[in-house]
Amino acid sequence: MLDKRFILDNPDLVQENCNHRGIKVDVARFVQLELDRRQLQLDVEDLSRQANVVSKSIAQAKDEAGREARKVEGRNLRDLKEQKQVEMERLAAEANVIHHSMPNLSHPEAPVGGEDASKELRHGEIDIRPFPFPVLDHVDLAEQHSLIDFEGGARIAGHGFYFLKNEAALLELAIQQFAVELLIREGFTPMITPDLARGDILKGTGYIPRGPETQIYSIESSDLNLVATAEITLGGLYAGQVIDADELPIRLCGISHCFRTEAGAAGRASRGLYRVHQFTKIEMFAFTLPEQSEDMLNYFRELECELFDRMGIPYRVLDIATGDLGGPAYRKFDLEAWMPGRGTGGEYGEVTSASNCTDYQSRRLDIRYKVKGEKGTHLVHTLNGTAIAVSRALIAILENCQQADGSILVPEVLRRWVGKDRIGGNG
RNA sequence: GGUCGGGUGGCCGAGUGGUUUAAGGCACCGGUCUUGAAAACCGGCGUACACGGAAGUGUACCGGGGGUUCGAAUCCCUCCCCGACCGCCA
């Protein structure tokens with residue numbers, strides 16, 4: 001959420017930003033509602049004050065008749081207050097709907113426009129290598145080497161679920177180890193988080209459970225939901241807390257399963273592992289001082305690059321355009337890995353995403369910091385970034401590392417955990 | 001799952017309907033004293049929102065929500081969480 005005072009002071013700027021983001025918001029309406037609400041709040045508070053004075057006077061009243069008269073007066077004041085308050089809450093509710101629909105402000109350098117306006121910043125260290133042989137996609141490669149059982153997954157849980165088998169199962173563990181090891185070395189605290197969370201926590205992070213088009217699986221007869229990312233649990237971990245400024249920045253590395261219904265995704269390219277209902281993800285999350293968040297976002301992006309460079313995967317880095325930032329992000333960088341088996345002749349596919357949410361998430365989650373010796377508290381900035389989403393990484397690895405003889409070379413950095421250099425062939 | 005006990009400020013902790021304006025302590029900040037520090041002493045010290053140029057003032061907040069009352073940390077209902085013990089169990 002945005003700061004209400006900021007919206008009132010800068011309605012034109014906020015409206016323009018909403019337009020750039022491609023989100024329909026009536027900022028003027030919000031401003032009017034909020035101003036009216038404040039007037040009512042004054043009335044309510046004044047009536048409360050009068051009623052409190054009356055209440056206190058009752059204890060000191062001399063005779064029973066005086067007390068009774070005061071009680072009636074108190075009742076009337078409270079009734080009046082109640083009426084005003086109901087009206088105030090009605091306005092607040094309407095203003096709140098608009099407020100919640102407002103996206104975060106946008107970084108001045110973020111490209112303005114729709115999805116196509118996103119700007120390619122650079123490529124990874126590894127060039128796309130030529131494939132002087134017929135390229136297979138990861139589904140065919142997995143079939144050939146008995147790595148993934150999509151039919152089995154569909155049988156027990158439906159389309160979008162799968163079993164990882166043999167080296168694919170080992171690769172899943174290897175990828176996790178590789179990413180977590182690097183992040184620990186960088187000073188992140190490794191966290192295996194709950195895979196379920198309460199509705200409040202999801203809403204605080206910006207996810208909407210149980211709606212008609214929800215991306216979230218919910219547990220029946222319970223407030224619990226399967227998480228779509230560790231961002232939900234890691235952000236929620238500090239909800240309602242005041243953090244000592246000395247402790248910032250806090251950097252966490254979340255290891256969790258991610259569950260997504262992918263409602264409304266029917267028809268989109270979804271062959272194989274690309275769009276699945278469950279996958280494992282290693283997530284970076286940070287709470288920072290406001291002046292630290294820009295550097296932290298760049299740091300997240302560079303770590304993502306390092307991980308994919310070291311796995312030998314070609315990729316490009318995108319500076320995401322305003323129209324594609326979603327609600328909470330102030331700026332967002334995506335890594336798209338080259339997937340030779342995608343489309344005809346290969347395509348880039350999103351593998352990571354790093355966002356600086358500034359104070360947009362922390363305002364809703366109420367995560368503050370306090371500077372020693374200073375009065376009051378301030379909102380922290382939150383950032384999240386994919387270190388590695390295992391399912392998408394598997395696609396990139398299998399497809400980029402396939403050899404002319406049909407075997408798949410295991411990236412060197414993963415061999416320690418996979419226990420072999422090569423899948424298939426004579427490895 | 002069962003029984004019992006709990007949830008009060010950054011932390012600990014008192015408080016069973018009205019001078020409670022939430023006692024007291026710790027921590028923290030300022031000061032006195034001191035060569036310096038500690039100790040001692042004095043003072044300050046919650047958050048949010050609103051109003052105000054400011055000083056400041058008002059309202060709300062004692063796990064969440066609802067109720068009773070002129071008035072609720074306190075009484076009632078409900079939900080959540082924590083702890084102890086019992087049962088079951090990887």
Side-chain angles (χ1 to χ4, degrees), chain A residues 1-9 30-96 99-100 192-204 209-210 218-225 233 236-248 250 287 289 359-380:
Chain A
M1 292 187 293
L2 294 178
D3 182 6
K4 283 198 230 173
R5 264 170 299 184
F6 181 86
I7 301 167
L8 292 185
D9 291 343
F30 172 82
V31 169
Q32 192 54 52
L33 285 164
E34 179 63 13
L35 291 176
D36 292 348
R37 189 196 63 77
R38 286 185 180 193
Q39 186 52 54
L40 281 167
Q41 181 173 338
L42 281 179
D43 298 347
V44 168
E45 289 186 357
D46 190 55
L47 288 166
S48 276
R49 187 185 56 75
Q50 291 179 40
N52 286 343
V53 170
V54 170
S55 290
K56 277 179 191 147
S57 75
I58 289 176
Q60 283 132 27
K62 293 199 174 66
D63 56 288
E64 190 56 36
R67 264 197 291 276
E68 271 314 312
R70 289 303 176 101
K71 283 188 189 178
V72 171
E73 191 183 350
R75 250 192 300 268
N76 289 340
L77 283 167
R78 302 265 176 201
D79 283 350
L80 209 56
K81 186 214 108 182
E82 197 58 35
Q83 289 171 30
K84 289 275 186 189
Q85 188 160 346
V86 166
E87 173 66 3
M88 182 185 87
E89 279 163 8
R90 196 184 61 76
L91 294 187
E94 190 186 339
N96 224 17
H99 191 199
H100 273 73
I192 292 179
T193 86
D195 284 337
L196 287 86
R198 297 179 197 291
D200 282 351
I201 298 296
L202 272 84
K203 286 176 211 152
R210 299 174 202 264
S218 295
I219 304 295
E220 198 180 336
S221 72
S222 143
D223 185 35
L224 291 170
N225 310 273
T233 46
L237 183 59
Y238 282 84
Q241 308 256 306
V242 179
I243 304 170
D244 236 16
D246 300 341
E247 291 174 41
L248 297 173
I250 294 171
F287 303 92
L289 297 172
D359 59 6
Y360 188 90
Q361 260 179 347
S362 58
R363 183 168 291 110
R364 195 177 303 185
L365 288 167
D366 189 28
I367 307 176
R368 299 165 174 278
Y369 70 90
K370 183 167 174 52
V371 180
K372 257 204 182 93
E374 276 184 25
K375 219 173 141 62
T377 59
H378 312 275
L379 293 162
V380 302

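In the text below, chain A, chain B and the rest are named by the order of the sequence lines, each starting its count at 1. Both backbone and side-chain heavy atoms feed into the values below; hydrogens, waters and symmetry mates do not.
Rounded to an integer number of Å, the gap from A/I243 CD1 to B/G10 C1' is 13 Å. Atom CG in A/D200 sits roughly 18 Å away from atom P in B/G63 (whole-Å rounding). Whole-Å rounding puts the A/R37 CZ to B/A48 C1' distance at 12 Å. Between A/E89 atom CD and B/C49 atom C1' there is a gap of 14 Å when expressed in whole angstrom units. Protein atom CG of A/D223 is 15 Å distant from nucleotide atom P of B/G65, rounded to whole Å.
Contacts of A/L196 classified as side-chain contact (heavy atoms from CB on, under 4.5 Å), with partners at least two apart in sequence or in another chain: A/I219, A/L224, A/L226. In terms of the side-chain contact (heavy atoms from CB on, under 4.5 Å) criterion, residue partners of A/N96 (sequence neighbours excluded) are, by chain and number, A/H99, A/H100. Every residue meeting the side-chain contact (heavy atoms from CB on, under 4.5 Å) condition with A/S218, not counting sequence neighbours, appears here in chain and number order: A/P209, A/R210, A/I216, A/N225. Here A/F287 pairs with A/Y238, A/F285 under the ring-ring contact (aromatic ring centres under 6.0 Å, His included) rule; sequence neighbours left out. For A/Q39, the side-chain contact (heavy atoms from CB on, under 4.5 Å) criterion is met by A/L42, A/D43, not counting sequence neighbours. Listed by chain and residue number, A/R368 satisfy the salt bridge (Lys or Arg N to Asp or Glu O under 4.0 Å) test with A/D366 (two or more places apart in sequence, or in another chain). Checked against side chain to side chain donor-acceptor pair (under 3.5 Å), A/Q241 has no partners two or more places apart in sequence or in another chain.
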Collect all protein-nucleotide pairs involving nucleotides 17-22 of chain B in which both atoms are nitrogen or oxygen and the distance is under 3.5 Å.
unit_1	atom_1	unit_2	atom_2	d
B/G18	N2	A/S55	O	2.7

Got a list of protein N/O to nucleotides 6-9 of chain B N/O distances below 3.5 Å?
none

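The residue among A/Q50 and A/E34 whose nearest nucleotide of RNA chain B lies closer to the 5′ end is A/E34.
Base pairing analysis places B/C4 opposite B/G83; the two distances defining the Watson-Crick or G-U wobble pair are each below 3.5 Å. Using the Watson-Crick or G-U wobble rule with both distances under 3.5 Å, B/U34 pairs with nothing in any strand shown. In this structure, B/A23 forms no base pair with any nucleotide, since neither Watson-Crick nor G-U wobble geometry is met with both distances under 3.5 Å. Applying the Watson-Crick and G-U wobble criteria (two distances, each under 3.5 Å), B/C89 pairs with nothing in any strand. Across the strands present, B/G71 finds no partner; the criterion is a Watson-Crick or G-U wobble pair with both atom distances under 3.5 angstrom. Remark: B/C62 base-pairs with no nucleotide; criterion is Watson-Crick or G-U wobble with both hydrogen-bond distances under 3.5 Å. Taking a pair to require two hydrogen-bonding distances under 3.5 Å in either a Watson-Crick or a G-U wobble arrangement, B/A50 pairs with B/U57. For B/C28, the paired nucleotide is B/G44, the pair qualifying as Watson-Crick or G-U wobble because both relevant distances are below 3.5 Å.
Partner of A/D359 under the side chain to side chain contact (heavy atoms under 4.5 Å, CB included) criterion, out of A/D3, A/V380, A/I367, A/L379: A/L379 alone.
At distances below 3.5 Å, not a single donor-acceptor pair connects side-chain atoms of A/S48 with backbone N or O atoms of A/E45. Of the possible polar contacts, none joining the A/R37 side chain to the A/L91 backbone as a donor-acceptor pair under 3.5 Å is found.
For the segment residues 38-45 of chain A, the set of residues with a heavy atom within less than 4.0 Å of an atom of RNA chain B comprises A/R38, A/Q41, A/L42, A/E45, in numerical order.
Across all strands shown, A/D244 has no heavy atoms under 4.0 Å from either base or sugar-phosphate atoms.
For the residue pair A/Q83 and A/E87, no side-chain donor N or O sits within less than 3.5 Å of a side-chain acceptor on the partner.
Sorted by first and then second residue, the side chain to side chain donor-acceptor pair (under 3.5 Å) pairs with a member in residues 193-202 of chain A read A/T193-A/T233, A/D195-A/H257; sequence neighbours excluded.
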Inset, instruction - Would you mind building the protein contact string for nucleotides 75-80 of chain B? One character per nucleotide, 5' to 3', B for base within reach (heavy atoms under 4.0 Å), S for sugar-phosphate only, - for untouched. - result: -----S

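Nearest nucleotide to the side chain of A/R5, out of B/U47, B/A50, B/U59: B/A50.
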